[in-house]
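All remarks here apply to the structure that follows.
Throughout, a chain's letter reflects where its sequence line sits, starting with A, and its residues are numbered from 1. Remember, it's a predicted structure, so these values are computed and weren't measured experimentally. Scope of the values below: all heavy atoms of this structure, side chains included, with no hydrogens, waters or symmetry mates.
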Amino acid sequence: MYRDKGCAQIGIDDVGKDIRLCGWVYRNRDHGGVIFIDLRDRTGIAQIVFNPEPLLTVGGPDTQGDTHKTARHLKAESVIIISGQVCRRPEGTENHDIPTGMVEVHVKSLEVLNMSDPLPFPIDEGGEISETLRLKYRYLDLRRPEMVANLITRYKSCKVIRDYLDEHGFIDVETPVLTKSTPEGARDYLVPSRVNAGAFYALPQSPQLFKQILMIAGLDRYYQIVRCFRDEDLRADRQPEFTQVDLEMSFVDMDDVIGVVEGLLKKLFYEIKGQQIDTPFERIKYKDSMARFGNDKPDMRFGLELRDVSGLIKDSTFKVFQDAIASGGIVKGVCGKGMASYSRREVDILTQEVQAMGAKGLAWIKVKDAFESPIVKFFQEGTLREMADMLGAQPGDMMLFVADQESVVNDCLSRLRLDIAKKNGLIGAQDNFVWVVDFPLMEWVPQEDRFAALHHPFTSPTDDDIKAILATEDMNNDERARLTSKAYDIVLNGSEIGGGSIRIHRSDLQQKVLGLIGIKAEEAMERFGFLLDALKYGAPPHGGLALGLDRLIMLMTGAQSLRDVIAFPKTQKAACPLTSAPSQVDKTQLRELHIRLNIED
RNA sequence: GGGGCGGUAGUUCAGCUGGUCAGAACGCUGGCCUGUCACGUCAGAGGUCGCGGGUUCGAGCCCCGUCCGCCCCGCCA
């Protein structure tokens, strides 16, 4: 062993002991005589001291002189090993900002294990560094204490999760990374097969089908902390490869899965953040979430709920609202808390924002002593008062309305609602977990001119809907749109952190549901016939859920980006600045894979 | 695929209406300093203004194209 302890593991109990430490030179303070160096490793920082005169307790003044000279010229991030005596710091020189601030090590010998070149960017400051540079020199970036802390939080969270699931009878089973293209869902990452000319593996978007197969195999309870891949464009909270806490259980219904996951999150937040969260979590129906918050991941830490005023304004003479309703749309509003003082210009900016989301415009009515707006003349005084009541608007607020098709209205107002809350500091400090339940089974996708599964094609309908589906030959569009699934999403502070469902475990029902979303029997057999076959041989009722680990850790650490909780993340173009992946490959490799490139200029 | 913002010293940035605009801070190099902890202090070095083209007497600044990064829409649970 090179060392006796980690840098931050020395303390008042070690005073008087001789000790060896290794680490990186974090900061070097040369006072001409005495030299202080902050020595850093994963555990933290220790102050080591070089005195110009040899300590009385040790011999060799000549070596001491050399040591002092070497210490003076140590460059930042050089790796050194020292031995010396742990001493209590002199009265008045303690540093209460660091855990080891009561002590310091008086160095007797110093060896430079590896001198560092000048750094491409400073790692000892809080200042923002270009992310490309950070990713290119990720090994330096990861030395920063906050990055170390994030990775440690991530590791500890995984350990808590594994321990919890182990205690609840789950076993970790690995599933293939080279697998088959997934039905529905996102674009697959493909891997060409050398030995099967023209054939491709796909990287899994999730182990969905495998975990169902494991249930059919009788594994009873499975989990995996597993890498998943989706070849879609990125966002701050989206990476091309990401990690899921994937779990599946047999002989369960929705409440069982929800119970296990609530227990998991409760334990996780307690162990990692010391935070007590109350279970069971609130549940909200999809339909209600859309109505009250305009999306299926409601941030319920604040009010400002959306209200449908279509009924109220029936008799108004405001043509914009009338036209929207006449063409099948609705009018909804949200309360702009404290925004009655907004200037024309500020309102214009809001208008542009909703227009960017697809709305034709934004109607506003300021609530002051009277109602103020170019459009008040179209409404009865009583109607205006009722609007204000519905929206909870007080004097000083501004009512904001969008009139359009329901989806556009919800889209615009849900974002507007979040904006208003952020700008006005209305977001409560208490974490809010909520289950969104009763999702539609399928939805109409205009671009593809068909229905598609909202969750995925293996999601079970509710018991009533199962009966209805099995009892009829076919269903019309209205009937299909009304089907409800046993799917559930877990939402934390307006971010979806996971989702799952009870699966279909009967072959006949699965066939019918596939039919309803327009997947033909032949196509189904070709793409996931193995699952359909498996359902015929004694598949137990089962269901599960997957948590997005990266996003969860991001929320728990307060990181601004997923990239800050992933050791080696990719840029928005899915590139890795450290390794320069993806990159071109040798022609020979392509030939072996039976691939010829066809790149347009 | 579309929209927005950005790219100037090793780093973070400033650079006005095109004309002392090649600048600051930190870092780096060398010196001084025995109790600092973002030590202090003196001196010095350091630039293809992302890249290509254009307008102009003159471009870091204006125009066109392009590359890269970030945020958002589409896409994606």
Practice task
Considering only atom C1', compute the distance from G15(B) to U20(B) and round it to an integer number of Å.
Solution key: 13 Å
Exercise for the section: Determine whether the side chains of Tyr222(A) and Asp246(A) contain a donor N or O and an acceptor N or O closer than 3.5 Å. Expected result: yes
Problem - Side-chain N or O of Lys75(A) closer than 4.0 Å to phosphate OP1/OP2 of C28(B) - result: no
Problem - His31(A)-C39(B) aromatic stacking (under 5.5 Å, under 30°) - result: yes
Handout entry: C1' gap between A22(B) and G46(B), integer Å
Key = 12 Å
Practice task
Select base, sugar-phosphate, or nothing to describe what Thr93(A) touches, counting heavy atoms under 4.0 Å on all strands.
Solution key: base
Problem - Arg27(A) side chain, from C-beta outward: closest of C76(B), C39(B), U12(B) - result: C39(B)
Exercise for the section: Would you classify Leu454(A) as touching base, sugar-phosphate or nothing, given that sugar-phosphate means primed atoms plus P, OP1 and OP2, and contacts are heavy atoms under 4.0 Å? Expected result: base
Practice task
Please determine if a side-chain N or O atom of Gln572(A) lies less than 4.0 Å away from the OP1 or OP2 oxygen of C71(B).
Solution key: yes
Practice task
Remember a base hit wins even if backbone is also touched, and classify Asp296(A) as base, sugar-phosphate or nothing at under 4.0 Å, heavy atoms.
Solution key: base
Which donor-acceptor pairs under 3.5 Å do side chains of residues 410-419 of chain A form with protein atoms, sequence neighbours excluded?
from: Asn410(A); atom 1: OD1; to: Lys332(A); atom 2: NZ; distance (Å): 2.6
from: Asp411(A); atom 1: OD1; to: Arg415(A); atom 2: NH2; distance (Å): 3.4
from: Ser414(A); atom 1: OG; to: Asn410(A); atom 2: O; distance (Å): 2.9
from: Ser414(A); atom 1: OG; to: Asp411(A); atom 2: O; distance (Å): 3.0
from: Arg417(A); atom 1: NE; to: Gly303(A); atom 2: O; distance (Å): 3.0
from: Arg417(A); atom 1: NE; to: Leu304(A); atom 2: O; distance (Å): 3.2
from: Arg417(A); atom 1: NH1; to: Asp299(A); atom 2: O; distance (Å): 3.4
from: Arg417(A); atom 1: NH2; to: Asp299(A); atom 2: O; distance (Å): 2.8
from: Arg417(A); atom 1: NH2; to: Phe302(A); atom 2: O; distance (Å): 3.0
from: Arg417(A); atom 1: NH2; to: Gly303(A); atom 2: O; distance (Å): 3.0

Exercise for the section: Assign Gly548(A) to base, sugar-phosphate, or nothing according to its heavy-atom contacts below 4.0 angstrom with the strands shown. Expected result: nothing
Handout entry: Distance-only side-chain donor-acceptor flag, His96(A) / Glu94(A), under 3.5 Å
Key = no
Using a 3.5 Å cut-off and no angle test, enumerate the donor-acceptor pairs between side-chain atoms of residues 281-290 of chain A and protein atoms at least two apart in sequence or in another chain.
from: Arg283(A); atom 1: NH1; to: Asp255(A); atom 2: OD1; distance (Å): 2.8
from: Arg283(A); atom 1: NH2; to: Asp255(A); atom 2: OD1; distance (Å): 3.1
from: Ser289(A); atom 1: OG; to: Asn295(A); atom 2: O; distance (Å): 2.6

Exercise for the section: Assign Arg415(A) to base, sugar-phosphate, or nothing according to its heavy-atom contacts below 4.0 angstrom with the strands shown. Expected result: sugar-phosphate
Exercise for the section: Hey, can you tell me if His456(A) and Phe458(A) have their rings parallel, tilted or perpendicular (30° and 60° cut-offs)? Expected result: tilted
Exercise for the section: Measure from the side-chain heavy atoms of Glu496(A) and tell me the nearest of A77(B), C37(B), C28(B). Expected result: A77(B)
Handout entry: Interatomic distance where NZ belongs to Lys573(A) and P belongs to C75(B) [whole Å]
Key = 21 Å
Practice task
Identify whether any heavy atom of Pro90(A) sits under 4.0 Å from a base atom; if not, whether one sits that close to sugar-phosphate; answer base, sugar-phosphate or nothing.
Solution key: base
Practice task
Determine the contact category for Arg134(A): base if any of its heavy atoms lies under 4.0 Å from a base atom, sugar-phosphate if only primed atoms, P, OP1 or OP2 are that close, otherwise nothing.
Solution key: nothing
Practice task
Give the rounded distance in Å between these two atoms: CD1 of Ile129(A) and C1' of G27(B).
Solution key: 10 Å
Practice task
Would you indicate, yes or no, if C73(B) has its OP1 or OP2 atom less than 4.0 angstrom from a side-chain nitrogen or oxygen of Arg238(A)?
Solution key: no
Exercise for the section: Find the distance Arg551(A):CZ to C76(B):P and express it as a whole number of Å. Expected result: 15 Å
Problem - Distance, C1' atom - from A14(B) to C26(B), rounded to whole angstrom - result: 15 Å
Handout entry: Electrostatic pair Arg238(A):Glu232(A) at N-O distance under 4.0 angstrom
Key = no
Problem - Selected nucleotide, minimal atom distance to Ala236(A) side chain, candidates U12(B), C72(B), G35(B) - result: C72(B)
Practice task
Please state whether the phosphate of C76(B), meaning OP1 or OP2, lies under 4.0 angstrom from any side-chain nitrogen or oxygen of Gln205(A).
Solution key: no
Handout entry: Whole-Å C1' distance, G3(B) and C75(B)
Key = 15 Å
Practice task
Describe the nucleic acid contact of Glu104(A) in one word from base, sugar-phosphate, nothing, applying a heavy-atom distance below 4.0 Å.
Solution key: base
Practice task
Give one of base, sugar-phosphate or nothing for Glu94(A), where a contact means two heavy atoms less than 4.0 Å apart.
Solution key: base
Problem - Electrostatic pair Lys297(A)-Glu496(A), nearest N-O below 4.0 angstrom - result: no
Practice task
Measure distances between side-chain N and O atoms of Asp97(A) and base N and O atoms of C37(B), and say whether any donor-acceptor pair falls under 3.5 Å.
Solution key: no
Handout entry: Stacking check Phe121(A) vs U11(B) (5.5 Å / 30 deg)
Key = no
Give me the distances for all protein-to-nucleotides 1-4 of chain B N/O pairs that come in under 3.5 Å?
from: G1(B); atom 1: O6; to: Asp233(A); atom 2: OD2; distance (Å): 3.4

Practice task
Give a yes/no answer on whether the side chain of Arg29(A) brings an N or O atom under 4.0 Å of OP1 or OP2 in C39(B).
Solution key: yes
Exercise for the section: Pick out which of Ile45(A), Ile80(A), Thr100(A), Val107(A) makes a side-chain contact (heavy atoms from CB on, under 4.5 Å) with Leu39(A). Expected result: Ile80(A)
Practice task
Scan side-chain atoms only and decide if Arg551(A) and Gln239(A) contain a donor-acceptor pair under the 3.5 Å cut-off.
Solution key: no
Exercise for the section: Quick one: label Ser206(A) by what it contacts on the DNA or RNA (base, sugar-phosphate, nothing), any heavy atom closer than 4.0 Å. Expected result: nothing
